[in-house]
Structure formats: structure tokens, C-alpha cells
Amino acid sequence: MLGPLEVLQDGEPLALGGANQRATLAYLLLNAGTVVSTSDLVRALWGDDAPPTARKMVQNAVAGLRRTLRDGAGGDNTGGDGPALLTVAPGYVLRMPPAALDATRFHELVRLGRAAFRAEAWQPAARLLREALALWRGPALADVAELGHAWPELATLDEQRLTALEDCAEAELALGLHRELAGELTPLAEEEPARERLCGLLMLALYRCGQQSEALAVFRRTRAALVEALGIEPAPELHRLQHAILNQDPTLMAPAATADPGTSTGPGTAPVPAERSRPAAAPRPMVERKRASVLLVRARVPAGLDDPERVAEALAALDRAVAAEAARYGGLVRGVLGSVRLVVFGVPRVHEDDPVRAVRAALAIRERLTGAAAPDATLRLAVATGDVLASYRDEGDPEPAELTGGVLEECEGLLERAICDTVRVCDRTRQAVGARFGHAEGDPAGGWRVTPGAPRPAPAPQRRPLLGRERDLARLQDLLDDVRRRRRPHLVTVLGEPGIGKSHLVEEFRASLPERAGDVRCLSAAVPPAYEGDADPLAGIVRSHAGFTVAGAGPGGAWPAPGAGPPRPACPADRLARATEPAALFAAWLRCLEGIAADGPLVVVFDDLHHTGTGLLRMVETLTERVAAVPLLVVATARPELLHRRPRWCGGRRDTCVLTLDPLPDDATAALLGEGAGDLLPLAAGNPLVALEYAQAHRRHTAPGPPPVPRRVTDLLTARLDTLPAAQKAVLRHAAVLGPVVSPAGVAAVSDRPGEEVVRLLRALDREGLLRRVASGPAPAEDEYAFAQPLLREVAYAQTPRRDRADGHRRAAEWAAGPPGRDRRHVLAPITGRFPGRA
């Protein structure tokens, strides 16, 4: 369709009939999967001047098309996997496999490219969009349009092509490819002088090529076209670009290749990474093993319902609900299989609670669609958890191109067993979600039905002593003393990897307040994951203050009102109740805290601040600069991903500090592991949560040898690795194949990457705390790095498919057998752990 109309079978063109047959096929293709009435076909082919025999001519064209499709497919064309041209009242429907249309392939590539574009991953965005544009062979259905058919769908396709080209050009400008773009965009801008974004991109490309006068001439031509045709001036953005060119603004110059890997910028702003500033010779395909939860949703339309509009409405409601809830819970909608919708949780990024997210999404979809919301369809939902193989065309792609694994077939089996309007889960999912949901009518083989009843209460966590954190606790207490003495607010961020003991430290700090400072009050709230949007941390903090209750939370809800008891006079609750805008809410919240702290020292705790939105994050970061001089200590706990979002968190701001928690010393870790588990000390690597999980596994383990890696530990580390940029994660996997201690030269040999790029990526992993430099050579390329935690190597190695492991070991052996004098002390060191799924 993206050019002259062609029908191919095994690469060979099929002969089509005359003009009417080609035009009929073209119109049906533009509306593939939709019933097109005969009257609409007549109107599309002849307009208002249809001959008396027009309907008969359409019938003859359809019959000819059916013969062509039947002969080309070697059988009938009424079903199966090939195209099917069916008679459906009041006309016809052409059903096409999605992979059979170049237009469908174009839209899929553009969708993936724009996802990378929004993430400012310029290299994969440019590659995907170029791949989409390469499908075009001329104007859409050029031979049909030449016959005089000016359908709106044709103009829409051509508009989508131009928009994709503009996105691609902007991504390539961010990569410094202005010289290549200047020649390509010039004739297009002459054909479309009123297209402002296209002309702006050409202006920027010409300016970067040193052609300032030509860039300004493009602006004058665009302005003249807009004024003459529409009587309007160009948009303010284009005027600002013109002034920047006249002033030779340095921000317009091509980005320099000086940034670290994993960062990205837009065109004309800050530098982009070196590996992105030069076009890649070829994409880097990537395949990874992942633990994922799969959700299948099937909407069955009643057999007696023959109104196609009502069927379409029911399926459209299903699509909207699935897309909304998948986005809310972090799932990836993979496609439509007839009446079945597939959503995957854990790909491309693993979360520690993917089974919980999948079940919650299933229940939310059911709630939205059952009853009056979708009266023409009954639902069946199933969730299964297991290993999948995710294949990417390039390591920078935002989504996998293909997913395979037995868990997909297992989920299909559960879907067949599910009854109407119920959610059925596999036994692994049931065990993973624990007591969060009720379950009934099940068995490990056939799955379990999620019941609507209240879940069983989870057991309360046991209080354990604070080991190895005495100095960190003393530092928090000293900060509180300074706040009391100076009567000035202070923000301290307790930063550390998952499970390192941030929340435990803060809990012990809170518990020590009555003994150390009895007049100090403490308000706290946990910041929930993004999908739990009803719980607002600001509302939770006010709720925890005695004398106040909260009826609702967030900008759209009610804010604190006086409770049963009399409110404290210093707390202006009326301001909170009147505030509606987020900025006003935060300002009122600050005034409330000032009123409370005016009576004495106040501690406010945010737990898991990395979950919060950008707006609240910015407000908390500037809190000490906006609140009055009162004795207020704000303690926030966060994971390292907070620094991915805001690399300069609290940098240069007054009365702020960051307390980074290091791994526990060996004696504290051994105490958590308990007696008889001393051989697990290296695996725990000073992480309290890992140590406690291994301690439980050790008590349950009866076979000889160490226990297997606990599932929670695996999920924790996998989620940590998935926060990395794609290039860093790929290099970490190659390092896992090579050995526990690696050199840049060895990793470069295994990964087939340039040595300079490997050095930068290993340094970035060192800064992330996943590797540590154990030896410094005379040059950066001769440094040596070790995994900061043995289990990290196991997790990274287990994510690598067996074929890629074998290829990596082969490359490592070839590198080790290279020229004499090479240091081979760490080459081909085996994995000795117990990670499941290893070859």
C-alpha cells in the first residue's frame, strides 16, 4: 500500500484485474477488518456519478479479487491464516493478518520509534523510524490515486509519513547528523513551505552546516507562504529559532560527544553520549530471559448478537480498559489475537511485584467492563507467571519484537478453564501474591480462581535489632540536635540499594525519639507505587498528626478537616481545605508543618521517595528553601533510581544532605544469617534483606549443599538491573560470562564493542555500585573490575540465553588464546552458584 498497489505471494506479484478491481481492493485495504457497505464502495469508486450498474460492477470486482486471493493462497480465502474477503451484511469485510500489510508494519515501527523518541533514546528512535520510512515506495496507493480517487485515508497515510520523517529528523539532529539531513530536507521543505516543524528542522540543520543565510531564507519562505495562504504569522517557536540564528546562539550548535553512556538530550541542548553521536554500523540484537506475569483477557460476544456496531463498541470498550489499566500498573500490551488481549508484566522492566500488578490489573479490567459498562460481552481473565524469552531488534529498543515461552500456553489453558467474569491464576502467581487476594476452587495443576472476598491479613513483621548501623543512627540523631539548636529546617535523604535497611534505620530512629528527645513529634507516610494513586504522601503525613483526619487525598480530593477533637491552634486546616492546585496544596501543607513545628521540634518521614511523581519530588527537594525558620527535620528514604531521575538531587542546596548506606560489616551479616549459615556470608554481601531471606531458606533446606537463591532475592536484583540503560545492562551480562573479575579488553572481546565504549560503560557500572574497581592499571583500559555482589553475576548470567552464553564463552576462549603476555588470571572463571535455569 505504501506506493503503487502490489499483492505478493512468496515474493512474486499476483496479477490484478482492471481499474475497478484495483480500486475496490485498495478501499477495502484502507478499511481492513471493518465492514464496508456496498453503497460506501460505490460512492468511493464513482462518487455522485455512479452508473446504474455500479453495484453489479462492485460484485464482479469482489468475485475477481476472491479468485486472485484463492489462486495465490492455493486454497479458499474464507479463513485460515491468510487474507479473507467475506460477505457480511450490508457489504464486505477484508480480514488481513497484521504482518501481511506494509502499512501495519509501518505503524508498528513508528509506534516503537516514538516510544524511544519520548524516552530520548535517539539512536534506536532514528533507526526504527528510518526502517519505517524505508517501507515507502512512493505516495500511498499511487496508481489508484492516479485514477482520480482522492480518499481522506490516502491523505492521512501521507501525513503520517511526513510526521514520522520529522520525528526521525529530530532524533538524527540529536545524533549530530545535520549534514546528511540538510540535503534530504531541502526539497521536502520546498514542496511543503507551510509545514513549520519541517522548516524549523531544516533551518537548524543548515545553521549547523554553517549555512546561516540559507537557514534564514527558509524562514522567510515559510513566513511568506503562511501569510499569503492563511494570513497568519509562523508559530512563536519558529520566530525564536530565527532570533537564535541571528544571534548565533551557542545552544544551537551540534551536540558534543562528551556525556556518559545512558544519558540523553534533545537537539540543540546539552551533549549526547559519544556512542550515540555517531551512527551505528548495524543494530545490536538482544535476547534476554525474564520472569514475567502474563495476563490474557477474552471478551466473548453472545452468539445471538449480530449487530456489528454493538460488537465493535464492546470490543472498543475492552481495548480502552486494557490499555488504561496496563498503563496504570506498568504492563505492556503486546497485541490483539481475535477477541483475546495480551498484557505482559515484567518486560521490558521487571518489578518486584509483577504478579501482584497483573492480578490487580485483571481485577480492575473486570470491574470496568462487567455489568452496564460492556453489556454485549462476557469476560474471562487469566494470569500466569513464568520465564519468557524477550527478543529485541536492538538493545536500545523500548519494547521487545518477540516474546516466547511456555507461560503463554499455560495462560491460554487457564483462560479456557476460567468461567464468565472471573480471574484465574496459576499456582506460581498464587504463591507470589501471598495473602493479598483470596483464592478458591483450585489446585496447582489447574489454577485458582481469585475470590472477591477480603484478603487474609499478612503477618506482622518481627522486630529485629539494628545491627551495624549505629553510626548512621547517631548521625540522624545529631542532625535532629542541630535542627533543635539552630531552629532551621533540614532535609536528609537516606539512600541505598533495595534491602539495605533504609526503612529499618528510620524506624529505629523514630523509636529512639521518646527516650532521647521526648518533646519531638514525628509524622510519617510511605510513598506508594505509582499505580496506587489513591494514597497521597502529603495527606498521609497530615493524617498522622493528632487531631486531624483526611477524607480524601491528592489535588482532586478533600484535604484535612478538623477531627473529633479540637485541632491545634497553630495548624491552619482551613487553608488546606481551600487549596485545589498542586502548588497551592504544597504551600498550604508547608504552612501546616510550620504551625506544628512552631510548638517544638518536628520530624517528617517520607519512605520510598523514589516512587513519587516529578512534581512532588521537586517540591520536597526545595522544601528547606521554602519553609520558615522552624525546627523541622525531613527524613526521606530512596533507592538509587532517584538519582537516575534527578542526578543532582539536593546538590548545592542549603540545609540538605545525603546519607548513603553501605553494606553491613561481616559480623552483623553473620548475626542475621544465624548459626550454620556462615558459607552464605559472601552471597549476602552485607545486604540485610538478602541475609534474612537466605537465613529462612537455610532453615527450610534439607538437601546437601547451599540452598537455592531465594525468589525474592532474584526479583530484587533483577529489578535493580532493569533500572540500568540498555548498554550498561548488556555489558554487565557480557562481564558475567567472562568472570567474577574482568578487564575492559576482555569485555570488549566478548561483547564485540569498541574498547573506549567498554571503558566508559564499566566506569558507569562502578559509579552505580554494581561493579567495583579492584585494580588500577597504567591506563583505563587496563583496570580490573569485580562484581560488587556475587549474586549480581548470577542474575546477569541467568538472564543471558544459552546460545548467547555459549557464544560469549567462545569469544572469551579466543581472546584468552590470543597473543602471549596477556593476563589470563580471571578468564573463563566458572559460575558456581545455584541460580535456576543455568545451562
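Residues Thr493 and Leu642 have side chains in contact (heavy-atom distance under 4.5 Å, counting atoms from C-beta outward). For the pair Leu505/Leu476, a side-chain contact is recorded, criterion being any heavy-atom separation below 4.5 Å from C-beta on. Annotation: side chain of Val713 is not in contact with side chain of Val795 (no heavy-atom distance under 4.5 Å). Here the side chains of Phe586 and Arg626 are in contact, with some heavy-atom distance below 4.5 Å. Taking the side chain as every heavy atom from C-beta outward, Leu672 and Leu664 approach each other to under 4.5 Å.
Asp722 pairs in a side-chain hydrogen bond (donor to acceptor under 3.5 Å, both in side chains) with only one of the listed residues (Lys729, Arg349, His351), which is Lys729. For the salt bridge (Lys or Arg N to Asp or Glu O under 4.0 Å) criterion with Arg720, the lone passing option out of Glu497, Glu768, Glu641 is Glu768.
Within a 6.0 Å sphere centred on CZ of Arg653, other residues, nucleotides and ligands contribute more than 12 heavy atoms.
With respect to the salt-bridge test (charged N to carboxylate O, under 4.0 angstrom), the residues Arg760 and Glu757 do not qualify. Salt-bridge annotation for Arg510 and Glu507: present, with a side-chain N of the basic residue lying under 4.0 Å from a carboxylate O of the acidic one. Salt bridge annotation for Arg485-Asp482: present, with a cationic side-chain nitrogen under 4.0 angstrom from a carboxylate oxygen.
The closest donor-acceptor contact from the side chain of Gln728 to the backbone of Leu761 lies at 3.5 Å or more, if one exists at all. When atom types are taken as modelled, the side chain of Arg753 and the backbone of Val758 share no donor-acceptor pair closer than 3.5 angstrom. Formation of a donor-acceptor pair under 3.5 Å by the Lys502 side chain with backbone atoms of Gly496 is found in this model.
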task: Give the intermediate values and the outcome of salt bridge (charged side-chain N to carboxylate O under 4.0 Å, His left out) for residues Arg591 and Glu594.
output: CA-CA 5 Å; Arg591 302 293 84 75; Glu594 289 172 358; 2.8 Å; yes

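If you take CG on Leu771 and CZ on Phe787, they are separated by 5.5 Å, rounding to the nearest 0.5 Å. Taking OG1 from Thr637 and CG from Leu609, the interatomic distance works out to 7.5 Å, rounded to the nearest 0.5 Å.
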